[in-house]
Amino acid sequence: PPMRPTRGALLHRVRACGADAAELRAALRALGPPACVREYTMAVSAWGRVGDGDEVLALLARARESGVPFDAWLCAAAMGALSESGRPESALALFDATAHAAAGGAGAGAGASASASADGGSSGASARNVFVYAEAIRACGALGGGSAEAADRALDIFAQMRDSGIAPSAVVYNALISALGGAGRADEALALLDEMAADGVPPDLVSLHAAIGACARAAPPRADAALALLRGMRARGLAPVTRSYNCLLYTSPSPRDGLL
């Protein structure tokens with residue numbers, strides 16, 4: 001059924017208002033169970049904002065039992081909500097389950113496999129769009145405290161997206177730069193800025209902040225490269241903001257190096 005206008009407006013307000021878990025639970029209980037895929041998408045996003053991964057998974061299970069189609073928008077919202085709830089491994093299990101659904105596999109664990117098959121057998125590819133890939137890469141960045149394995153997985157997911165014919169967006173590139181930066185792989189993160197430009201996706205402030213952060217996490221920190229990124233912002237048509245300078249200061253090993 002179409003989303004009821006009043007209910008949809010209330011869900012949107014609840015999702016955006018930053019209520020705590022108790023207020024959100026009361027509001028959602030008053031609204032009753034979601035009635036369509038769009039309402040489920042908004043509800044799981046709302047639960048993610050207050051960090052309740054259990055409620056996200058419970059909603060996905062209810063959606064499956066109700067025969068709600070598991071589309072790419074619900075998948076991306078659920079993955080983002082799980083990552084926000086400190087459960088990136090569950091977000092990646094959900095991502096993997098979309099591929100298992102296409103192959104007729106049993107799916108992934110952590111309660112995600114059942115929800116990924118909620119559409120009763122549609123292809124895994126139909127449950128993946130650019131936002132799903134972005135959330136999968138973002139989940140990699142939250143795994144393992146910036147491990148090399150997590151960065152490698154992010155690169156593999158990026159390659160899968162390209163192979164599927166989906167063009168990467170700035171959001172995808174930014175998530176990948178952050179994942180590589182978390183593992184201290186500054187050279188690869190910096191190279192992605194050039195790859196973005198070659199793909200016709202101009203790096204934005206988020207891209208440059210992520211790249212500067214990658215320079216800060218390199219061993220040793222790449223202060224010169226970070227400073228060059230800051231000084232080159234205006235040439236890219238971007239104006240540095242307070243966060244730009246804050247990111248740069250993390251690359252400074254000592255107040256004596258001149259960055260301060």
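Here the structure is a predicted model, which means the values were calculated and not measured.
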TODO: State plainly whether one hydrophobic cluster holds both L192 and V171, where clusters connect Ile, Leu, Val, Met, Phe, Trp and Tyr through side-chain heavy atoms under 4.5 angstrom apart.
DONE: no
Task: Minimum side-chain heavy-atom gap L92-R153 below 4.5 Å - done: yes
Task: Check against salt bridge (Lys or Arg N to Asp or Glu O under 4.0 Å), R87 and D54 - done: CA-CA 10 Å; R87 300 175 70 163; D54 288 337; 2.6 Å; yes
Open item on the list: Nearest 0.5 angstrom please: I212 CD1 to L227 CG, how far?
Closed with: 9.0 Å
- [ ] Report the C-alpha separation of C215 and L190 in whole Å, then their side-chain angles, then the decisive distance to 0.1 Å, and conclude whether the side chain to side chain contact (heavy atoms under 4.5 Å, CB included) test is met.
- [x] CA-CA 8 Å; C215 292; L190 293 171; 4.1 Å; yes
TODO: Go through the steps for L229 and L248 under the test side chain to side chain contact (heavy atoms under 4.5 Å, CB included), then give the verdict.
DONE: CA-CA 9 Å; L229 288 173; L248 179 65; over 6 Å; no
TODO: Look up atom OG in S83 and atom CD1 in I137, then write down how far apart they are to the nearest 0.5 Å.
DONE: 12.0 Å
TODO: Classify the ring geometry between F131 and W73 as parallel (under 30°), tilted (30 to 60°) or perpendicular (over 60°).
DONE: tilted
Open item on the list: Taking the side chain as everything from C-beta on, heavy atoms only, tell me whether P168 gets closer than 4.5 Å to V130.
Closed with: no
Open item on the list: I'd like to know if the side chain of S45 and the backbone of T41 have a donor-acceptor N/O pair within less than 3.5 Å.
Closed with: no
TODO: Quick one: closest heavy-atom pair of R236 and P203, and the distance?
DONE: NH1-CG, 3.6 Å
Task: same_hphob_cluster(V206, L193) at 4.5 Å side-chain heavy-atom cutoff - done: no
TODO: Of all the heavy-atom pairs spanning A179 and A154, show the shortest one and how long it is.
DONE: CB-CB, 3.9 Å
TODO: Kindly indicate whether a cation-pi arrangement holds for R128 with F95, taking the cut-offs as under 6.0 Å to the six-membered ring centre and within 45° of the axis.
DONE: yes
- [ ] Work out which heavy atom in V56 is nearest to a heavy atom in V44; give both atom names and the distance.
- [x] CG2-O, 3.8 Å
Open item on the list: Evaluate R217 against Y250 for side chain to side chain contact (heavy atoms under 4.5 Å, CB included), listing each step before the verdict.
Closed with: CA-CA 8 Å; R217 295 182 181 91; Y250 279 108; over 6 Å; no
Open item on the list: Within a 6.0 Å radius of atom CZ on R162, are there more than 12 heavy atoms belonging to other residues, nucleotides or ligands?
Closed with: yes
TODO: Report yes if the side chains of I166 and V172 come closer than 4.5 Å at any heavy-atom pair, otherwise no.
DONE: no
Open item on the list: For a quick test of reading the model, state the closest non-hydrogen atom pair linking G53 to L82 and the distance between them.
Closed with: O-CD2, 4.0 Å
Open item on the list: Using every non-hydrogen atom in the two residues, find where P88 and L143 come nearest and quote the distance to one decimal.
Closed with: CG-CD2, 3.9 Å
Open item on the list: Counting C-beta onward and ignoring hydrogens, is there a side-chain heavy-atom pair between R138 and S178 closer than 4.5 Å?
Closed with: no
Open item on the list: Under the criterion side chain to side chain contact (heavy atoms under 4.5 Å, CB included), I'd like the reasoning laid out for L205 against S244: C-alpha separation, chi angles, the key distance, then a yes or no.
Closed with: CA-CA 8 Å; L205 278 178; S244 309; 4.2 Å; yes
Open item on the list: So E195 and L176, do their side chains get closer than 4.5 Å, heavy atoms only?
Closed with: no
Task: For E39 against P33, the heavy-atom pair lying closest together - done: OE1-O, 4.5 Å
Open item on the list: Assess the residue pair R38 and D71 against the criterion (salt bridge (Lys or Arg N to Asp or Glu O under 4.0 Å)); give the C-alpha distance rounded to whole Å, side-chain angles, the decisive distance to 0.1 Å, and a yes or no.
Closed with: CA-CA 10 Å; R38 187 177 177 193; D71 66 9; over 6 Å; no
Task: Those residues that, when tested against D156, pass salt bridge (Lys or Arg N to Asp or Glu O under 4.0 Å) (two or more places apart) - done: none
Open item on the list: Could you tell me if the side chain of D224 sits less than 4.5 Å from the side chain of T251, heavy atoms only?
Closed with: no
Task: Value rounded to 0.5 Å, distance of CE in M233 from CG in D204 - done: 10.0 Å
Open item on the list: Under the ring pair (Phe, Tyr, Trp, His ring centres under 6.0 Å) definition, can you give me all pairs with a residue in residues 170-196, not counting sequence neighbours?
Closed with: F158-Y173
TODO: Answer yes or no: is there a side-chain heavy-atom contact under 4.5 Å between C140 and I157?
DONE: yes
- [ ] Quick one: pull up CD in E55 and CH2 in W47 and give me the separation to the nearest 0.5 Å.
- [x] 4.0 Å
Open item on the list: As an exercise, state the distance from CG of L59 to CE of M42, rounded to the nearest 0.5 Å.
Closed with: 13.0 Å
Task: Side-chain heavy atoms of H209 within contact of V241, under 4.5 Å - done: yes
Open item on the list: Nearest 0.5 Å, please: how far is CE in M196 from CG in D194?
Closed with: 10.5 Å
